[in-house]
There are 2 protein chains.
Amino acid sequence: MDPMTSSTPSPRSRKRPEERREEILGAAADIALEEGIERITLRAVADRLGVRPGLITHYFPAAEDLVIEAFTRAAEVERERFFPAAGTPVERLVHFIRYIESGTSAPLARLWLNARHLSRFSEPLRVVLDEQDALDRERLLALLREGVAAGEFGEVDVEVVCARIFIAVDGSGSYVNSGADLLGEAHARFISDVAEWALGMPSGALR
Amino acid sequence: MDPMTSSTPSPRSRKRPEERREEILGAAADIALEEGIERITLRAVADRLGVRPGLITHYFPAAEDLVIEAFTRAAEVERERFFPAAGTPVERLVHFIRYIESGTSAPLARLWLNARHLSRFSEPLRVVLDEQDALDRERLLALLREGVAAGEFGEVDVEVVCARIFIAVDGSGSYVNSGADLLGEAHARFISDVAEWALGMPSGALR
DNA sequence: CATGTTATTGACTGTGTGACCAACAGTCCA
DNA sequence: TGGACTGTTGGTCACACAGTCAATAACATG
């Protein structure tokens, strides 16, 4: 039987450590997004890779470390979709708002909801979540500061605007998570409404 | 040895079924609030009552039913603290806002965050969470309608106002949950700011 | 080709979980 | 008082989990 096409217990595929480590982290990040962070288990990760659970332990002696790194990875990958590199501050802000209001960010919203909850019980997760939160905040703050400097936003307190927008994003995400749109149409435009309000812009300016 | 004061394996205390059932639900609701819904386990509940796990099974043959009922109970108990029965609509709205901004509602915020997350994986929990959401929404909507009728709020779309306030509450709760106040002072007044904005009231009117 | 390194497996431990069930014992009624 | 009802126990089963370790087999290097 050709060992390459053998369907039964695939012959040991030995990989370079860095590559395997990346594979494991990727699988764990996928699980976090699809099934929830708490489902990142030695078994679940191993099954995704067609590998034995002991191997995961070999790379991550403490399972919690895998969880932390996988969450970080998932957060980083998803974040890059939020803030485009090019465009004026207003254009980038509109992209950010669209990204959320369109529902495209739903997986990330779920991941965040998930992490915020679990952070009550895991100090390491709380720390890394705070770090990722800070990174997001820095992105938006930079965008806002740039816009103020360019005269696109008027003279606003960027800290306050940033806080208002992010709280709105989290609130919106809570409802997106459950799938049901309990709050009607006002929900779909909530982020842009809040952003316009916080920035002192006329209603509809960011749509 | 006096069986009443015996400290060793407490003599079987037999209780009336309804009473015992209430006891179990209360203990489970406490666990949900203090340790998280997912920690409602036969053992955890039994330990709180100084009883054997099998007894919990006797009252709740399916553990999931206990979780659902306990969550409902916790949600109902906590909700009553939100909306006082007496006062003008504005007074009641201010009470509602104060209750949240003071941090008193933090346990409920955590419970909600917890439930929203778990509802992804439990259809029964999703259903009961939607029900409880609807009850909250009805309370606030009634308050708002009353205020509009009394001329206290002007001519606003109460549905939109309600949605905005609740999304704000959820967003605020997400950050309260982690303990760290990542967003600074703007956070503490966020609900009242949003309520004033949504109601078209001057800034500070609800403080 | 031989040898050492190490990626990978398989089997085991201990804990926590929900579910199940026979036996026990408190309570109430005849 | 005696029996029936049932609240309650203690034990067991099957499963999922993290963690440990010796044994194996693929690779790299000489």
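In what follows, every chain begins at residue 1, and chains take the letters A, B, ... in the order their sequences are listed.
Remark: the backbone N or O of B:E91 is paired with a side-chain donor or acceptor of B:T88 at under 3.5 angstrom. Judged by distance alone, with hydrogens and angles left aside, the side-chain atoms of A:D65 form no donor-acceptor pair with the main-chain N or O of A:F60 at under 3.5 Å.
Rounded to whole Å, atom C1' of D:dA26 lies 5 Å from atom CZ of A:R14. If you take CZ of B:R52 and C1' of D:dT8, they are 10 Å apart, rounded to a whole angstrom. Taking atom CG of residue A:L55 and atom P of nucleotide C:dT6, one finds them 15 Å apart after rounding to whole Å. Distance CZ (B:R43) to P (D:dT8): 19 Å, rounded to an integer number of Å. Taking atom NZ of B:K15 as the reference point, atom P of D:dC5 lies 26 Å away to the nearest angstrom. Taking atom CD1 on A:I56 and atom P on C:dA7, their separation rounds to 14 Å, with Å as the unit. Rounded to an integer number of Å, the gap from CG of A:D47 to C1' of D:dC17 is 13 Å. The separation between A:R16 atom CZ and C:dA7 atom C1' is 13 Å, rounded to whole Å.
Residue A:P53 is classed as having no contact, given no heavy-atom separation below 4.0 Å to the nucleic acid.
Taking the six-membered ring where tryptophan is involved, the planes of A:F82 and A:F96 are tilted, since the angle between them lies from 30° to 60°.
For B:E38 and B:H117, the side-chain atoms include no donor-acceptor pair closer than 3.5 Å.
Within a heavy-atom distance below 4.0 Å of DNA chain D, no residue of residues 30-41 of chain B is found. Residues of residues 58-67 of chain A having a heavy atom closer than 4.0 Å to DNA chain D, listed by number: A:P61, A:A62, A:A63.
The shortest side-chain heavy-atom distance between B:R79 and B:Q132 falls under the 4.5 Å cut-off. Looking only at side-chain heavy atoms (C-beta outward), A:L129 and A:W112 come within less than 4.5 Å of each other.
For the pair B:R116 and A:Y175, the cation-pi test (distance below 6.0 Å, angle within 45°) is passed.
Here the rule is salt bridge (Lys or Arg N to Asp or Glu O under 4.0 Å) with B:E18, and of B:R16, B:K15, B:R20 only B:R16 fits it.
The aromatic ring centres of A:F190 and A:W197 sit 6.0 Å or more apart.
The shortest distance between the side-chain N/O atoms of B:R21 and the OP1/OP2 oxygens of D:dG7 is not below 4.0 Å.
In the set D:dG19, C:dA19, D:dA26, C:dA19 carries the atom at the smallest distance from any side-chain atom of B:L42.
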